[in-house]
Structure formats: C-alpha cells, structure tokens
Q: 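Following this message is one structure expressed as structure tokens.
Both backbone and side-chain heavy atoms feed into the values below; hydrogens, waters and symmetry mates do not. Just so you know, residue 1 is the first one in the sequence shown, and it goes up from there.
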Amino acid sequence: MKKIVSTNNAPAAIGPYSQANLVNGVLYISGQIPIDPSTGNLVDGIEKETHQVMKNLKAILEEAGMSFCNVVKSTIFLKSMDDFAVMNEIYASYFEGGNYPARETVEVSCLPKNVSVEISMIAHQF
C-alpha cells in the first residue's frame, strides 16, 4: 500500500504530485527546489540553494522516520555544471561518515522557477 508523506517543514507541492510516497519501506521523494517553506520564497545563489534543498529533503526524510543514512539513490539536476564543485561539497556534508548513496548529476537547460539545483531521493527503511 502507498502512503503519501507530507510535511509543512518542506515546500508544498506546486503541481499534481506528492512530496513523497512510501511503498513497502521505500521512500520516493519528489525533486526539491530551494524554496524556504517558512516564507514560500526562493533562496538565491548555489550555496544557499543547495543547503535549502538539502534541508527540504531532510524534513521529508524525518517526516517518514528516516535520515540521510537511509538514502540509497539521489538524482541531482543542475542548471550549470559550473556549480558542480560547490553543490557537491555542500551535498556531501549532509552524509555522515561517507555513507553516500548511488547518484547521478545532470545539467539541464531549465528547472522549475528557474532555480539552479533540484534534487530527488530514494530512501529505504532499515
């Protein structure tokens, strides 16, 4: 059975999708962009954007009773690969002890609301 996971500590969905779905112990988190859920505003600059996206993902993971330790797969979309090194350093800082998930990072021509980064994740309950 599918359970929809939703929290006010991450931005509300801006389209016909859920923040996340939990199915048989696997959490599928929709792509998160750098919207501050307390204000509804976008943050600006790749450093702030990456931190906000990771905070949004963390809030959804926590709502499902998980953490970044449970993440098994990430997909990262960047508007410019020139931002890769900065994004990568910030992203890595959220995973303790090198417990990194599988991942791909792709450059795209445009993202929702013209942001610089969007990240989705898949996590598994252990």
Q: Is a side-chain donor-acceptor pair under 3.5 Å present for Asn9 with Lys55?
A: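 There is no such pair (donor and acceptor under 3.5 Å, judged by atom type) between the side chains of Lys55 and Asn9.
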Q: Apart from Ile35 itself, which Ile, Leu, Val, Met, Phe, Trp or Tyr residues share its cluster (side-chain heavy atoms under 4.5 Å, direct or through members)?
A: Ile14, Tyr17, Ile33, Leu42, Phe77, Val106, Val108, Leu111, Val115
Q: For the CD1 atom of Ile60 and the OG1 atom of Thr7, what is their distance to the nearest 0.5 Å?
A: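 So the CD1 of Ile60 and the OG1 of Thr7 are separated by 7.5 Å.
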Q: Check whether any side-chain heavy atom of Leu22 sits under 4.5 Å from a side-chain heavy atom of Met66, and report yes or no.
A: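 Leu22 vs Met66: side chains touch.
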Q: CG of Asn24 to NE2 of His124: how many Å apart, nearest 0.5 Å?
A: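 Answer rounded to 0.5 Å: 8.5 Å.
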Q: Is any side-chain heavy atom of Ile76 closer than 4.5 Å to one of Glu104?
A: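 Not touching, per the 4.5 Å side-chain cut-off.
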Q: For Tyr100 and Ser74, test the side chains for any donor-to-acceptor distance below 3.5 angstrom and give the result as yes or no.
A: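 No, no side-chain donor-acceptor contact under 3.5 Å.
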Q: Would you kindly confirm whether Tyr94 and Leu61 end up in one hydrophobic cluster when ILVMFWY residues are joined by side chain heavy atoms under 4.5 Å apart?
A: yes
Q: Counting only heavy atoms from other residues, nucleotides and ligands, does the tally under 6.0 Å from NZ of Lys73 exceed 12?
A: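 It does: Lys73 NZ has more than 12 such atoms within range.
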Q: Is atom CD of Glu107 surrounded by more than 12 heavy atoms (other residues, nucleotides or ligands) closer than 6.0 Å?
A: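 It does: Glu107 CD has more than 12 such atoms within range.
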Q: To the nearest 0.5 Å, how far apart are CD1 in Ile90 and CG in Asp83?
A: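 One gets 9.5 Å once the value is rounded to the nearest 0.5 Å.
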Q: Asn99 versus Phe68: any side-chain heavy-atom pair under 4.5 Å?
A: no
Q: Is it true that Val72 and Met121 fall in one hydrophobic cluster, defined by side-chain heavy atoms closer than 4.5 Å?
A: no
Q: Hydrogens and angles aside, do Gln19 and Ser30 bring a side-chain donor and acceptor to less than 3.5 Å of each other?
A: no
Q: Partners of Lys48 by side chain to side chain donor-acceptor pair (under 3.5 Å), sequence neighbours excluded?
A: none
Q: To the nearest 0.5 angstrom, please state how far the CZ atom of Phe84 sits from the CD1 atom of Ile46.
A: 11.0 Å
